[in-house]
J.: 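Before we start, here is the structure in question, set down as structure tokens.
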2 protein chains.
Amino acid sequence: MRLFHEQGYGATGVAQILKEAEAKSGSLYYYFPAKEDLLLAVLEQYKKIMKPALMAPVFERYEDPLDQVFGLLEKYRDMLIKTNCTLGCPIGNIALELADRHEEVRRLCGENFDNWKSAVGQCLEEAGDHLRPDVKVGELASFFLTVMEGGIMQARAYRSIEPFDAAIASLKDYVNHLLKNNARPVQQSSARD
Amino acid sequence: MRLFHEQGYGATGVAQILKEAEAKSGSLYYYFPAKEDLLLAVLEQYKKIMKPALMAPVFERYEDPLDQVFGLLEKYRDMLIKTNCTLGCPIGNIALELADRHEEVRRLCGENFDNWKSAVGQCLEEAGDHLRPDVKVGELASFFLTVMEGGIMQARAYRSIEPFDAAIASLKDYVNHLLKNNARPVQQSSARD
DNA sequence: GTCTATAACTCGATAGAC
DNA sequence: GTCTATCGAGTTATAGAC
């Protein structure tokens with residue numbers, strides 16, 4: 001899981017996996033008939049842990065559903081900062097590297113994205129009272145994913161957090177335009193965090 | 001250029017390049033000492049042709065600068081449609097695959113992004129009269145790139161144009177919020193095209 | 001400058017002993 | 001189930017003839 005995230009699937013050799021896992025090829029291939037099966041298992045694992053390991057801790061820290069959503073984006077920002085803007089979203093990486101060639105991989109990336117958007121969409125539903133009635137929650141959740149993935153890509157390409165922060169700032173600005181007039185606006189910068 | 005775009009850098013073997021180019025290894029390595037030098041040349045080539053080959057034809061078709069920008073996005077949509085949502089942005093692909101490992105590659109991806117945003121930013125400057133005075137053109141241009149790249153990623157992961165179209169629709173909605181009240185809004189769907 | 005042949009190495013995967 | 005040894009194909013790159 002870690003190596004695929006850090007280096008990508010193709011660039012990670014089975015030999016390195018065996019070395020860092022302190023396992024032998026016989027053992028690995030007994031459980032995973034091919035390298036690709038290992039990737040599928042990794043993607044299944046991401047599906048399993050996304051909500052309990054990634055979202056739950058964030059959602060517990062905030063009451064307001066919009067704070068929860070932007071707190072989630074902050075998690076990805078933390079990862080960029082910690083890795084000097086080298087590590088991106090593990091699903092997005094795999095999707096761009098392999099979605100065209102391995103249908104099963106593509107499907108699992110889609111399911112991970114679905115779960116991500118479903119969780120974000122749920123927050124937006126809860127914030128529905130503060131949103132203008134014509135706002136389509138599903139499309140907005142999809143837009144959150146789009147902006148996050150695009151922001152991560154630029155952060156990695158520039159090896160700088162700046163374009164990611166700019167993307168989130170624009171997203172917050174947009175969300176504020178979608179709020180009813182009497183709603184408390186989403187704060188720029190870390191004032192809300 | 002084509003093979004790196006279709007398959008990625010790592011997944012494209014020198015042997016395949018030689019075969020499809022009908023060249024022999026001796027010739028290739030005479031001009032490009034290593035495979036990576038070929039990639040650098042490809043990225044330089046993208047820098048060269050981006051404006052004359054990609055942007056100029058679009059910008060000629062439209063008078064209104066906002067039409068020009070969204071016409072450019074439509075070009076990427078065309079590519080997704082033509083390839084059944086398998087081919088993405090060549091620069092974004094390379095950036096996510098190699099930005100962490102090859103500093104020179106990363107720098108060239110950044111320069112390609114810079115040029116893209118500079119061209120989009122110029123359009124936005126020209127549309128400045130219709131934009132609210134507090135709109136920061138540079139940040140908005142960066143947001144266009146973010147949304148486009150994120151939209152392409154989702155389109156490829158779902159092998160469907162729908163999430164891309166949804167992303168562009170949200171972006172248009174946002175831009176309309178940034179327009180002065182007397183400005184003609186950007187049209188959703190193909191009404192403007 | 002371009003050719004053929006191949007070196008030197010890594011890749012994913014397997015066979016067979018234990 | 002796990003081990004060692006290794007297969008065969010594919011990789012990037014080079015040497016040397018022309």
Side-chain angles (χ1 to χ4, degrees), chain A residues 1-46 48 86-88 90-109 112, chain B residues 1-46 48 86-88 90-91 93-109:
Chain A
M1 212 163 181
R2 180 175 58 77
L3 290 174
F4 288 165
H5 187 195
E6 289 174 356
Q7 311 181 326
Y9 174 76
T12 300
V14 174
Q16 188 185 8
I17 296 171
L18 295 172
K19 190 181 169 191
E20 301 211 13
E22 294 178 86
K24 308 295 176 180
S25 74
S27 303
L28 176 67
Y29 281 99
Y30 177 80
Y31 293 101
F32 302 98
K35 185 187 175 188
E36 190 186 323
D37 296 302
L38 193 57
L39 176 63
L40 296 177
V42 164
L43 288 171
E44 290 284 2
Q45 181 68 4
Y46 276 121
K48 253 191 209 160
T86 57
L87 251 63
I91 308 302
N93 293 354
I94 298 291
L96 279 208
E97 183 183 354
L98 297 164
D100 307 337
R101 276 167 289 178
H102 298 294
E103 180 62 18
E104 191 79 354
V105 170
R106 188 194 65 70
R107 213 201 70 239
L108 279 165
C109 289
N112 272 285
Chain B
M1 210 163 182
R2 180 176 58 77
L3 289 173
F4 287 166
H5 187 195
E6 288 174 358
Q7 309 181 328
Y9 173 75
T12 300
V14 174
Q16 189 185 8
I17 296 171
L18 295 172
K19 191 181 168 190
E20 302 211 12
E22 294 177 88
K24 308 295 177 183
S25 74
S27 303
L28 176 67
Y29 281 99
Y30 178 80
Y31 293 100
F32 304 97
K35 185 187 174 188
E36 191 186 323
D37 296 303
L38 193 56
L39 176 64
L40 296 178
V42 164
L43 289 171
E44 291 284 2
Q45 182 68 3
Y46 276 121
K48 254 192 208 160
T86 57
L87 251 63
I91 308 302
N93 293 354
I94 297 292
L96 279 208
E97 183 183 353
L98 297 165
D100 306 336
R101 275 167 289 177
H102 298 294
E103 180 62 18
E104 190 80 354
V105 170
R106 187 194 66 72
R107 213 201 70 239
L108 279 166
C109 288

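Just so it is clear: chains get the letters A, B, ... in the order the sequence lines come, proteins before strands, and each one is counted from 1.
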J.: Strictly by ring-ring contact (aromatic ring centres under 6.0 Å, His included), give each pair with a member in residues 5-27 of chain A just once, sequence neighbours left out.
T.: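 Those involving residues 5-27 of chain A are A/Phe4-A/Tyr9.
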
J.: Could you state the atom-to-atom distance from CG of B/Leu18 to P of D/dG10 in whole Å?
T.: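 Answer to the nearest Å: 15 Å.
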
J.: In the 5'-to-3' direction, what one-character label does each nucleotide of nucleotides 9-18 of chain C receive under the scheme B = base within less than 4.0 Å of a protein heavy atom, S = sugar-phosphate only, - = no such atom?
T.: ---SBB----

J.: Restricting to pairs with a member in residues 16-36 of chain A, which pass ring-ring contact (aromatic ring centres under 6.0 Å, His included), not counting sequence neighbours?
T.: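 For residues 16-36 of chain A, and leaving out neighbouring residues, there are no ring-ring contact (aromatic ring centres under 6.0 Å, His included) pairs at all.
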
J.: Could you check if a side-chain atom of B/Leu108 sits within less than 4.5 angstrom of a side-chain atom of B/Ile94, using non-hydrogen atoms only?
T.: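 Of all side-chain heavy-atom pairs linking B/Ile94 with B/Leu108, none is under 4.5 Å.
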
J.: Roughly how many Å is it from OH in B/Tyr31 to C1' in C/dT2, rounded to a whole number?
T.: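 To the nearest whole Å, that distance equals 9 Å.
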
J.: Going through the checks in order, is the side chain to side chain contact (heavy atoms under 4.5 Å, CB included) test met by B/Val14 and B/Leu38?
T.: CA-CA 10 Å; B/Val14 174; B/Leu38 193 56; over 6 Å; no

J.: Can you measure B/Tyr30 atom OH to D/dT12 atom P for me and round it to whole angstrom units?
T.: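 B/Tyr30 atom OH is separated from D/dT12 atom P by 23 Å.
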
J.: Would a distance-only check, ignoring hydrogens and angles, find a side-chain to backbone donor-acceptor pair under 3.5 Å from B/Asn93 to B/Pro90?
T.: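 Checked: no pair found.
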
J.: Report yes if some heavy atom in the side chain of B/Leu87 is under 4.5 Å from a heavy atom in the side chain of B/Glu6; otherwise report no.
T.: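 Counting from C-beta outward, B/Leu87 and B/Glu6 do come under 4.5 Å.
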
J.: Return the value, rounded to whole Å, for the distance between atom CG of B/Leu39 and atom P of D/dA13.
T.: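 These atoms are roughly 12 Å apart.
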
J.: Between P on D/dA13 and CG on B/Leu38, what's the gap in Å once rounded to a whole number?
T.: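 After rounding, the reported distance stands at 10 Å.
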
J.: Rounding to an integer number of Å, can you tell me how far B/Phe4 CZ sits from D/dT12 P?
T.: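 Result: 9 Å.
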
